[in-house]
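Reminder, nothing fancy here: chain letters follow the sequence lines and each chain counts from 1.
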Number of protein chains: 4
Amino acid sequence: VVDVDGVHIGGGSIAVIAGPCAVEALDELSETADAVKAAGAVLLSSGAYKPRTSPYAFAGLRERGLELLASVKARTRLPIVTEVQDTETLCRVAAVADMLLVSARNMGNLALLAAIGDTGKPVLLKRGLSATVDEWLLAAEYIASRGNERVVLCERGIRTFDTHTKATLDLGVIPYLRGLTHLPIAIDPCHSSGRRDSVPALCRAAVAAGADALALEVHRDPSCAVMDGEQSIDHDELARVMADVRAIARALGRTVVEV
Amino acid sequence: VVDVDGVHIGGGSIAVIAGPCAVEALDELSETADAVKAAGAVLLSSGAYKPRTSPYAFAGLRERGLELLASVKARTRLPIVTEVQDTETLCRVAAVADMLLVSARNMGNLALLAAIGDTGKPVLLKRGLSATVDEWLLAAEYIASRGNERVVLCERGIRTFDTHTKATLDLGVIPYLRGLTHLPIAIDPCHSSGRRDSVPALCRAAVAAGADALALEVHRDPSCAVMDGEQSIDHDELARVMADVRAIARALGRTVVEV
Amino acid sequence: VVDVDGVHIGGGSIAVIAGPCAVEALDELSETADAVKAAGAVLLSSGAYKPRTSPYAFAGLRERGLELLASVKARTRLPIVTEVQDTETLCRVAAVADMLLVSARNMGNLALLAAIGDTGKPVLLKRGLSATVDEWLLAAEYIASRGNERVVLCERGIRTFDTHTKATLDLGVIPYLRGLTHLPIAIDPCHSSGRRDSVPALCRAAVAAGADALALEVHRDPSCAVMDGEQSIDHDELARVMADVRAIARALGRTVVEV
Amino acid sequence: VVDVDGVHIGGGSIAVIAGPCAVEALDELSETADAVKAAGAVLLSSGAYKPRTSPYAFAGLRERGLELLASVKARTRLPIVTEVQDTETLCRVAAVADMLLVSARNMGNLALLAAIGDTGKPVLLKRGLSATVDEWLLAAEYIASRGNERVVLCERGIRTFDTHTKATLDLGVIPYLRGLTHLPIAIDPCHSSGRRDSVPALCRAAVAAGADALALEVHRDPSCAVMDGEQSIDHDELARVMADVRAIARALGRTVVEV
């Protein structure tokens, strides 16, 4: 079980992490945080630093984004999950984050993994786009070998020939990892599908397959999101997803983490 | 909705297809058929003709296998799903089968698809190992263009770099296909995972994601199965899977097809 | 060494197979055959039966295509390589073809492989889009196990995440197969790249890597080709490719098969 | 054209980069450097810092490795190509390296790319295991956007379903990149194949396809190499590869860069 500022991930209950892909502005973050909390999600995720494939793309509000996250946390009491993109900004991010997100592109960034290990902070470690399960576990081991075992593995889809979704969500890792590790497993259906209309079905599937957590991109108006709008769900959809997640959890004798 | 000798696939309810990978002997098939029926599965699947990657591998009991399927059907009243591997044996297979299974390797076998179209029989059309969704739908169209629209699409995993499972089950096709076609969708978690211990979790996930049917390999003693034992579940596991499937279906306001 | 009506494939020399993707009309086939012969290619390839992903696409001139191939062969004396798509049309195709082409989609069509084995005709066996080397060799074994060892393996690209080309040409199979089999190896750079402007470089690479044969799509006016124009080279480009192939062969102490 | 301490990469000639995967000891590095120079390769490559998938694997001689590289350079005058693995060690590595190697795992490490851009040093930028060509070019753009356009792109194989080699070498990128960028292109046949016996054929293919450079792993006794011995060639094989490379270059009207 990984304890994120009082929220437990692992141990049978299902924790839902949700929030906008990028911090855009105070009112937007604040409104979504309220919706996230109202829906029953227990961790607020959003990116202040956004590593992008193109050097010319929006790279996040950076320090200003961290300030907004801190202020929304102070009001809502939702612990914050946010991405750390490099060792240079790790200290600043770790000062605000309750859980550090390592994106797929950084799963193999060993200096970053080691430095995160030194912080002792909970980590949401996404699987690399073409990482085998062994490579993923060894990335977790880089963090653990520095004395930080608070790692949650997050499957976010792998790169395949298939193009109907942005990546192919590999739910088969859930039963497979159970035989290899005690680390909790989160599923990110938004990055894998890249399609908003696929997210609810994949959330249900993830919970039924036994995921310990869901990591969701939520926006008050996905069509206007600065980033990842096409794969973000809106507040109403989040509420419906939470209802389904609760129903499936109950049917299988599991619970959903509540604050 | 595809009607297989009175069993409806599609339309909201979940139909479970189960049986041994290959017909091995009368007592073995008969015993599993009874277990399949007792567990609440509604279609019996097993292969008499088994196309194999190696010309020296066991290729099925062939005509003798069809006779055994017919005799077990006469006793149990379970409709039969069995593979048709080529146009040469199609007539014989179609005389016994209530539903023709087209395996992944034959998804692109156009002469076979056309001939199956001419039979008018229900078809369980597996997705090719590296078929895009478009190619899969066009294979269905080959059958439909001969006047046979009784096609159920069956996802059985795609070939990816990943080796922890035999193939990567692509559950994202369920929501995606809903926007493209009215054809029912079945999920085969056994061929995709290649691992018995992954099957229950993937069954639950498939039903939660909205699958219309499950196609399962079941054997009374998987460790002794002539084929695919490593990915077959036993009778007790089938009963547990069915219980979970019913619980999830109920939680989501769906039902499981009963005879 | 596989002998195709007097043309030897394997044994150190490089044989070039070329022609239009599909037989379109007598003058078109005839003109390309002359260009193919003038350039120094030794086998004429073209399809009369064209299995297509869509049931509504042009499926070839069929029997009329075979007649045109026979008539052009009678005039030019170029042995014919043409696709056989199913067991139903095998007899007709085998009556005209000097070498039977099995396309990637049919590499796993066991009934077809067995029937081709029975003809004893030389075979150009393309690798399936997602076939491992072992699966490919076992497909060859299906043919050989019927007593026909006249098989040439043809690499035509595999399906990967990469989309800059239609398929990724896997030239690494050449040295790898040398350690596993004595069967000659052909390379098809047109289907793998799907781009005319990539074909010359891949032809040079294939010959330098040690290919026994090249299989090329050539059209007098690729922009007007009924099929595969985007990946066909024109007559002038063929002549340039042949010059490069001869230069590389000479540099490496090899020769190019001449009539 | 990228100028690496007087050695030109790009512009028609072929530059060969070679050396042991990791710096192991002075006599070993020195002996291989002599063999590399004698064979006609013009840049010495070897790793002092070795990022590894496992935190428990040998991670290189680190600073001592850099000292050995500097001393061998002083004697042989061969410019040094060596990996930079993180921003923390960049300054030290850049003080010795004439060309910085960015490995596949770090292609998406944006902080590192930016910092390398600031050094102005020539860069050998390997393609990520599952990077599209667009993503690879955008990684180069991260370096170039800091004012450093001295980037050589290095294809080292992509991750596919295929397991006969460690990765599938995608030579189709050579003609494709020619239409998109003026950056020189290097090919690494050792990491892609993972098999020593495949290296010579892939070297010949790369040069015939138009590569501007080859990057090779060479060891005096591959069976005793600390790392990557299975894919390293020995000194004699390097000499044979160089002879073939020269012969193909001459046949195609190209030259090989000499010191």
Give, for atom OG1 of C:T132 and atom CG of B:L129, the distance between the pair rounded to the nearest 0.5 Å. 10.0 Å

Pick one of side chain, backbone, both or neither for B:A144, based on which atoms fall under 4.5 Å of a heavy atom in chain C. neither

Please rank C:L138, C:L113, C:L112, C:D134 by heavy-atom pairs under 4.5 Å with chain B and give me the top one. C:L138

Which heavy atom in B:S145 sits nearest to a heavy atom in C:Y56, and how many Å separate them? CB-OH, 3.7 Å

Search all heavy atoms of B:R105 against all heavy atoms of C:G108 and return the closest pair with its distance. NH1-O, 3.2 Å

Those residues of residues 79-96 of chain C that come under 4.5 Å of chain B on a heavy-atom basis, listed by number, are C:D86, C:T87, C:E88

Contact list (residues 149-163 of chain B to chain C, heavy-atom gap under 4.5 Å, by number) returns B:R159

What's the spacing between B:N109 CG and C:L110 CG if we round to 0.5 Å? 9.5 Å

Taking side chain as everything from C-beta outward and backbone as N, CA, C, O, which of these in C:S103 sits under 4.5 Å from a heavy atom of chain B? Side chain, backbone, both or neither. neither

